[in-house]
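One structure below.
All figures in this text were calculated on a predicted structure; none of them were measured in a lab. All values below come from the heavy atoms of this structure, side chains included, with hydrogens, waters and symmetry mates left out. By convention in this document, chain letters (A, B, ...) are assigned in the order of the sequence lines, proteins followed by strands, and residues within each chain are numbered from 1.
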Amino acid sequence: MSANDDIENLLAETPTRTMPDDDRRRISDAIRAADGGRQRRRWWSRTIPAWQAAAACLAVCLITWSAARLRDGLSDHRPPPMPNAADKNEQAKDLTAFVSIDRPLFGRRHRSAYRTSIANWQPINTN
Amino acid sequence: MSRHDRTRGSRWADFLDENHPRLTAYALALTGNMDDARDLIQDVLVRLVEQARTVRDEVPFVMRCLRNLAIDRRRAARTRPTHTGVDDLAACGAAAFIDTNLTDPARRASADRVKQALECLPSDRREVIVLKIYANLTFRDIATILDRPIGTVTSTYARGLDELRAIYIRELKHVC
């Protein structure tokens, strides 16, 4: 037993003031209110239900698929082969063109390109 | 309870429920009255919630926050800015955390003497005693809170107790 034990015991046995319950409740309410405000401000940190996450993923997939389908559809507009053009095809099968489509998609520049044969192409008669 | 959970307000409210006696004792030692002590505790905990702080050792961290905020407020309350340290807390803090409103006359007299003895102590020694005995912290935690070496804290505590015993005995002889 050290020399300070007696005074330590005396101090420990001396009662201290406690915070009134009303004050404690008020502080707890303030803490919870602050937490509510923080979560409202930082909406991205909140936990979201699984169905909302699934719906968001589905929406993104649908938009991506639609955009891809639209882009692929544009590249299919090739001119049909001309009748009686078999000989010309044989002669000009090396005639290919590099087609590049540059158009905006969702606010960004989207570039789609493909190589196509122009062996069957003919001048358009505008007369 | 995980550290992440402490970022939630309800968890800090639970922290208050668990630790309010020690928080109140130290806040009273820092401020000197219950109103300011309550405001101090509320401000610290609300700030921790708003900043979504993740804290490993909550009690020492909150105690340190209480101390820093109390010093900031006393600095701000001054008409001209000067360096304010723990010595300035002595004038107001004293031993307001000691409960002297007791029905038993003998216990009330003893509490009065302890309170007076604590008020006579230098503030740095009183602060270490409050943190050790009434906040029930380890010397390591106290050293962290006060930003002092642990050896300094233990020697300050021992000197404080020696001095406190001498003052208490002197008061006892004076009364008798």
Atom CG in A/D23, atom CG in B/D35: separation rounded to 0.5 Å? 7.5 Å

For A/R24 and B/T24: C-alpha separation, side-chain torsions, deciding distance, then whether side chain to side chain contact (heavy atoms under 4.5 Å, CB included) applies. CA-CA 10 Å; A/R24 194 144 42 95; B/T24 306; over 6 Å; no

Would you check if B/M34 and A/P20 make a side-chain contact, meaning some heavy-atom pair closer than 4.5 Å? yes

Close side-chain approach of A/L11 to B/I129, heavy-atom, < 4.5 Å: yes

Would you say A/I7 and B/I169 are hydrophobically clustered, going by side-chain heavy atoms of ILVMFWY under 4.5 Å? no

Rounded to the nearest 0.5 Å, what separates atom CG in A/D6 from atom OH in B/Y168? 10.5 Å

Report yes or no: does A/R17 contribute a side-chain atom to a donor-acceptor pair with the main-chain N or O of B/A25 at less than 3.5 Å? no

Given that the side chain runs from C-beta out, which part of B/I133 has a heavy atom under 4.5 Å from chain A: side chain, backbone, both or neither? side chain

Any chance you could measure B/Q42, atom CD, to A/D29, atom CG, to the nearest 0.5 Å? 9.5 Å

Over all heavy atoms of both residues, which pair between A/A34 and B/V46 is shortest? Give the atoms and the distance, please. CB-CG1, 3.7 Å

Quick one: closest heavy-atom pair of B/D17 and A/S28, and the distance? OD1-OG, 4.3 Å

Counting N and O atoms only, with roles assigned by atom type, does the side chain of B/Y134 sit under 3.5 Å from a partner on the main chain of A/A12, one being a donor and the other an acceptor? no

Taking the side chain as everything from C-beta on, heavy atoms only, tell me whether B/L23 gets closer than 4.5 Å to A/M19. no

Give, for atom OG1 of A/T16 and atom CZ of B/R22, the distance between the pair rounded to the nearest 0.5 Å. 12.0 Å

Any B/S110 side-chain heavy atom under 4.5 Å of A/L10 side chain: yes

Go through A/T14 and B/V114 one step at a time and tell me if the side chain to side chain contact (heavy atoms under 4.5 Å, CB included) criterion holds. CA-CA 8 Å; A/T14 305; B/V114 169; 3.6 Å; yes

With the side chain counted from C-beta on, respond yes when A/R26 and B/R38 share a heavy-atom pair under 4.5 Å apart, and no when they do not. yes

Please name the pair of heavy atoms, one in B/A13 and one in A/I31, separated by the smallest distance, quoted to 0.1 Å. N-CG2, 4.1 Å

Any non-hydrogen side-chain atom of A/I27 less than 4.5 Å from a side-chain atom of B/H20? no

Turns out that what part of B/L102 lies under 4.5 Å from chain A's heavy atoms comes down to side chain

